[in-house]
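So that the names make sense, note that chain A is the first sequence line, chain B the second, and so on, each numbered from 1.
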Amino acid sequence: MQRTKVADLLRSNEIGKTFTVKGWVRTRRGNKQVNFVALNDGSGINNLQIVVDMEQFDEALVRRITTGAAISVDGELQKSQGSGQNVELLAKTIEILGDSDPDKYPLQPKKHSLEFLREIAHLRFRTNTFGAIARVRHSMIFAVHEFFNKKGFYNIHTPIITASDAEGAGEMFQVTTLDLDKLPRTEDGKIDYSKDFFGKPTNLTVSGQLEGELAALAMSEIYTFGPTFRAENSNTSRHLSEFWMIEPEMAFYELKDNMDLAEEFLRYLIQYALENCKDDLEFLSQRQQQEEKGKKEADRAMELIEKLKFVLEDDFARVTYTEAIQILENSKPNKKNQFNYPVKGFGTDLQSEHERYLVEKHFKKPVILTDYPKEIKAFYMKLNDDNNTVRAMDVLFPQIGEIIGGSQREESYEKLTSRMAEMNIPEEEMWWFLDTRRYGSVPHSGFGLGFERLMLFVTGMTNIRDVIPFPRAPKSAEF
RNA sequence: UCCUUAGUAGCUCAGUUGGUUAGAGCGGCGGACUGUUAAUCCGUAGGUCGUAGGUUCGAGUCCUACCUGAGGAGCCA
């Protein structure tokens, strides 16, 4: 018989009909007369209750239905006598597909800490929380492509392995096939990369932006959605060594168009989650509420779904860096010396505590900060007429901070090369990038959205290692 | 990388100023209960206390180093 998914069966009202379900056992309980098995196959957050009439089954078989075991059940759908579910499956035949030794299976029918589950990340898909996160993650991936497809953007695959070290977005992972025990040397003792696989030093990409610009200056509107790698030794709940980034790049967009797109994009994704991930979000919300019980009232996060809706209600605040500095300088915590890093006028690099104050205390909604001093931003950002600030924009979200970083790009060949000279970026390595400014250069803009940061916000999880299936971080590459 | 903090049964934790056979809850296992809802009740088996040194008559409990986790900072997405 054809297999029916648990989620479909739970929605079904074909009482009395026979179905086959396959999945993994969450719990079994009962007595000599009747047993109840909670079965999940990943199709949704809710389990199907299998009712096992003990008179119909061999006790030895039923004993093998342990937490974690895989089973196949043929049975009749019926209205549930219990109150926890509408329908249940009265088992007619049960087949054990895969046993699971209850003495050794690490997942117990009880609450586990997220830290423990990180140590058994190969099995954590089987928990409610990580099943929900995996489904939400899928929906968000799908929504990203849907959004851009609807708007006529083309998805571009940019390279994972690159030879350019130009963006300076952080430490890079080197890619090599050289034998590290016997490195070939040139006459002056340096490593001879002409012997390496690509004939020159190569790394894993830290951003697809530069290649994205090449595509945008022909295709008009493109986006990338791929893995990026940073070998930065950063050990926080907001950073990964391997993460997924979405980078749209648009010809003929100025900074305001860029901001409008970023805001529309984020709203679209959140709206999509609310409409398509209701069950999972409700579960994640309950989970979060449980977690928050131990905290002081002032430290508690807003209820998840309420928080998501709240972001949709209001336009994001848009302020320039200069205005933000003034707000911060005149803020209570600054005057009372409560910031660890006091704000001292133009040029101060904003710290996490400052961003959090702006978003969570002052504006109480997402904030887009623009026009930063050129000194603290990348070389490719368009210089403003004041010669002092660049057309950068950072979108700041409550709790997670910077979720998007972007800018209008410098389209002038002269200004770009002079900025590169100031920042000691070798022109000869960037000849291909500079060609876009030599031939048919136009105003253009783009931004990068850290996909896992979005996932943090949408799921209400607080550690980024919990919103990607197999997190990569310093000293951590298991599974 | 820096600061703080933690590392005791499968999991979550308690172990008083260093002192006889290291405790609990949950989970597992055995049993009871004619429909349960991480069920309930009774019983039972599991640890030498992150690793390596050291102090001491004696260390889970003090000291040093290292490893690992968590929270925060920097870097950023």
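The nucleotide B/U4 finds its pairing partner in B/A70, both defining distances of the Watson-Crick or G-U wobble pair being shorter than 3.5 Å. Summarising the base pairing, B/C57 is matched to B/G19 through a Watson-Crick or G-U wobble pair whose two defining distances lie under 3.5 Å. Judged by Watson-Crick or G-U wobble contacts below 3.5 Å, the nucleotide B/U64 has B/A52 as its partner.
A donor-acceptor pair shorter than 3.5 Å cannot be found between the side chains of A/R137 and A/S139. Residues A/Q351 and A/E355 bring no donor and acceptor atom of their side chains to less than 3.5 Å of each other.
Regarding A/N40, its CG atom lies at a distance of 14 Å from the C1' atom of B/A38, rounded to whole Å. In this structure, A/I120 places its CD1 atom 14 Å from C1' of B/U12, rounding to the nearest Å. One interatomic measurement links the two molecules: CZ of A/F36 to C1' of B/U40, which rounds to 14 Å at whole-angstrom precision. Nucleotide B/U34 holds its P atom 13 Å from the CG atom of A/N35, rounded to whole Å.
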Polar-atom pairs under 3.5 Å, protein N or O versus N or O of nucleotides 65-69 of chain B: list them with distances, or write none.
none

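Backbone-only contact: A/P102 has heavy atoms under 4.0 Å from sugar-phosphate atoms and none from a base. Within the 4.0 angstrom heavy-atom criterion, only backbone atoms of the sugar-phosphate kind lie near A/D103; the bases stay farther away.
To the nearest 0.5 Å, atoms CZ (A/F265) and CG (A/D260) are separated by 15.0 Å.
Within residues 348-361 of chain A, the residues having any heavy atom under 4.0 Å from RNA chain B are, by residue number, A/D349, A/Q351, A/S352, A/R356.
A donor-acceptor pair is defined here as one N or O able to donate and one able to accept, closer than 3.5 Å; no such pair exists between the side chain of A/T67 and the backbone of A/Q108.
With RNA chain B read from its 5' end, the first of the two nearest nucleotides for A/Q81 and A/I404 is the one closest to A/Q81.
Residue-nucleotide stacking is not present for A/F451 and B/A77, judged by a side-chain ring centre under 5.5 Å from the six-membered base ring centre and planes under 30° apart.
Remark: A/K278 is not positioned above the aromatic ring of A/F283, lacking an NZ or CZ atom under 6.0 angstrom from the ring centre and at most 45 degrees off the axis.
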